[in-house]
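Naming: A, B, ... by sequence-line order, numbering from 1 per chain. Since the structure is predicted, the reported quantities are computational estimates derived from the model, not experimental observations.
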There are 2 protein chains.
Amino acid sequence: MPSVTIRDVAKEAGVSTATVSYVLNDSRRVGGETRERVRQAALRLGYRANITARNLQASETRLIGYSWRPTPTEQFNPIVDKFLQSIAEAAARHDYRILAFPSMDVHQELSAYEEMMLIGQVDGFILTNTNFDDERVLALVSNHFPFVSFGRANQDWDFLWIDVDGAAGVLEATRHLVSQGHLRIAFLAWPEKSQTGHYRLQGYLNGMEEAGLAVDTEWIQLAGNFYEESYAATQRLLALPLEHRPSAVIASSDLMALGVLNAAWNGGLEVGRDMAVIGFDDAPIARYMRPALTSLAQPVDKIGDQLVSTLIDELNGQPIGERQVLMQPTLVVRASSATPYSDRS
Amino acid sequence: MPSVTIRDVAKEAGVSTATVSYVLNDSRRVGGETRERVRQAALRLGYRANITARNLQASETRLIGYSWRPTPTEQFNPIVDKFLQSIAEAAARHDYRILAFPSMDVHQELSAYEEMMLIGQVDGFILTNTNFDDERVLALVSNHFPFVSFGRANQDWDFLWIDVDGAAGVLEATRHLVSQGHLRIAFLAWPEKSQTGHYRLQGYLNGMEEAGLAVDTEWIQLAGNFYEESYAATQRLLALPLEHRPSAVIASSDLMALGVLNAAWNGGLEVGRDMAVIGFDDAPIARYMRPALTSLAQPVDKIGDQLVSTLIDELNGQPIGERQVLMQPTLVVRASSATPYSDRS
DNA sequence: AGGCATAATTTAAACGTTTAACAATGGTTT
DNA sequence: AAACCATTGTTAAACGTTTAAATTATGCCT
């Protein structure tokens, strides 16, 4: 409360406030003796420049806004905290901070962005869960407000984004299964309108084609990002006649893979031997599932890092190297897919 | 960038900036006709008051600092994102925002707090993972800086905190097991120095005493908050001679309970029938474990809500109703402990 | 008509910095 | 000796609000 201002320091050192500012910020030559006197005075009084005043004068906030959609209780988002941590640390390295605001629905979220933009609460945004026709992207682009996005939107929109190459990841997963001897591989997909889901599905299709395996239409099951739907979808897969029944399942998320695991177990199958399962995200629990789940890990730290530094370059008007970046997920092989499979059909 | 200021509005409406401020903030009577003119002008220009300037003048930031320790990859913290969401939403309702900064080690964290305090980056803090002799609490208290804590510290320190009554929770869990017919109940504890772990252990001891059951020293196993240690501890429990071997295990966290589940299964036991297991936190995955895990749910939303409103009351110099609050966890009974147990020893 | 309370509006200071422009000083060059 | 330059310091404006105090306008009462 009794905070000490630059004026107090100036008085204490017997100089003007300008001199104090110059000394403390090293922004101009100052005589050696004066410099020392100012430093001593500042130290003695425990002076630290008030950040609000500094921000006002610089017309910036050194704050980056980040909002996310709360995860429903029956789901889990395994990377939200890791992601937040990574952007916050990266930001701190550049002397920026993260302002976190969750937002319920899309409209509330959009108006939150607009409000914060107008009142100058943040210098830029980091978006996540970006999708086709994303209103936020439209709004920010048309306002020329700086932002970066974790996730792509429409192909022909030019803005700064980084995404995980889901197609490449699932392609690798498919190859892995094929190399283990699997011929009938199923895929649990997200709804049509999900961009991310779309790419992951595409990776599966590419992998099957590459291996010269025909895809039974029954093998592609829509299951939202829900455990229950995933469980039910697996039951449908297991109910297929033997020669059509898949011996491996790739799920679009670890939560869904968990549904597969449990459905298979309850159906009397031993995953890892009778059936292979692969998830996506490499959630912390993946390694503790029974059996331990093979999954695709996203390089969350790297993504956070690069998102932040790209945004900050943009804020400083520096040229951006790559305006769009695809990062490769890595397949973490565990017991759920580690046993070679010899077809018994 | 070409942001419109209060001066622009004043000019547009042909009045002074003071009048504009009065109208827009409704902080003083203004003539009906003028009021309307100002409103129109503000609307026409799309004016929104700059928040940094407002904050400087009010010498506040309307920001609440929140820091957390990153969870190691082999662990998971099931409530960190839910908690963040709940405080951010509660804060938004009062027109405050959350500034999130993770911090690696204790010392870095402390200096981050001090720095932010001095430069006036936030109006107050929300602490988590508070523990005995917590340096942060000491520092903030001695600087008279406003903060609230999720978690207790030393008994005789007077500061604002809310905590979950771990003892009551585990007591309830113990009673539940006793009522299911269990006589030999084990407890997987956190290290000595953990305050939270201490209370949870105490709840177990109380429950056993209340039921008149002697506690075998082997039944209390220290296992950090780690899966592996928990798994190993369970193996030790299962290796006990039959008449000493516990038929139920309470773990101090869901992660640990998962270790128990897997160790029991690999040891040939069917949890839910041969053995009961209870966790703590009611993580999203608890319901999807095999078998579904009974666990103690923390009222995270309520806690976040009340932490924020208490802090804001403190910031506004309002009297605080309860300076210390214990909230009750609720036992969510699932398959892992739902089958009555008839002792066969 | 003068006095006076009340209402409406403006002026100007304040919040705490940074920084462009200016002034003083002393030394060097022509 | 005058002009010039480099160095060091100060003055004052600016960032965009809010608000206490001063000023002006309005209506009412005697």
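B/Thr5 has no side-chain polar atom (N or O) that falls below the 4.0 Å cut-off from OP1 or OP2 of D/dG16. Contact annotation: B/Arg54 side-chain N/O to D/dT18 OP1/OP2 distance is under 4.0 Å.
At a threshold of 4.0 Å, the pair B/Asp158-B/Arg323 counts as salt-bridged, since one of the basic side-chain nitrogens sits closer than that to a carboxylate oxygen.
At the heavy-atom level, A/Arg48 lies under 4.0 Å from the strands shown only through sugar-phosphate atoms.
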Fill in: B/S/- contact track for nucleotides 19-25 of chain C, protein heavy atom under 4.0 Å
BBB----
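Atom pair B/Ile6:CD1 and D/dA14:C1' shows a separation of 16 Å (rounding to whole Å applied). Note: CG (A/Asp8) to P (C/dC15) measures 11 Å, nearest angstrom. Following rounding to the nearest Å, A/Leu56 (CG) and D/dA13 (P) show an atom-to-atom distance of 17 Å. Taking atom NZ of A/Lys11 as the reference point, atom C1' of D/dT10 lies 16 Å away to the nearest angstrom. Per the geometry, CG belonging to B/Leu118 stands 16 Å off C1' belonging to C/dT17, to the nearest Å. Separating the CG atom of B/Asn55 from the C1' atom of C/dC15 is a distance of 11 Å, rounded to the nearest angstrom. Distance A/Ile51 CD1 to D/dC15 P: 20 Å, rounded to the nearest Å. As a whole-Å value, the separation of B/Arg35 CZ from C/dA7 C1' is 13 Å.
Comparing A/Val15 and B/Arg7 by the nucleotide of DNA chain D that holds the closest heavy atom to each, the one mapping nearer the 5' end is A/Val15. Each of B/Glu33 and B/Ala53 lies near DNA chain C, and the nucleotide nearest B/Glu33 is the one positioned closer to the 5' end. The residue among B/Ala58 and B/Gly14 whose nearest nucleotide of DNA chain C is located toward the 5' end is B/Gly14.
For the pair A/Ser86 and A/Ile303, the minimum side-chain heavy-atom distance is 4.5 Å or more. Put simply, the side chain of A/Thr71 does not reach to within 4.5 Å of the side chain of B/Gln85, judged on heavy atoms. Residues A/Phe147 and A/Arg136 are not in side-chain contact: their nearest non-hydrogen atoms beyond the backbone lie 4.5 Å or more apart. Between A/Leu84 and B/Val80, every side-chain heavy-atom pair lies at or beyond the 4.5 Å cut-off. Side-chain contact between B/Leu315 and B/Tyr96: present, with at least one pair of heavy atoms (C-beta onward) separated by less than 4.5 Å. The closest side-chain heavy-atom distance from A/Ile126 to A/Ile87 is below 4.5 Å.
Legend: side-chain hydrogen bond (donor to acceptor under 3.5 Å, both in side chains) pairs involving residues 39-49 of chain B, not counting sequence neighbours, sorted by first then second residue: A/Glu115-B/Arg48, B/Glu12-B/Arg44, B/Glu36-B/Gln40.
Helix bend of the helix from C/dA1-D/dT30 to C/dT30-D/dA1: the angle between its two end axes, each built from five pairs, comes to 70° after rounding to 10°.
No donor-acceptor contact under 3.5 angstrom links the side chains of A/Gln195 and A/Asn131, judged on distance only.
Checked against C/dT9, C/dT18, C/dC15, the side chain of B/Val30 finds its nearest nucleotide in C/dT9. Proximity note for B/Thr34 (side chain, C-beta onward) versus D/dG16, C/dT9, C/dA8: the nearest is C/dT9.
A distance below 6.0 Å separates the ring centres of B/Tyr66 and B/Phe83.
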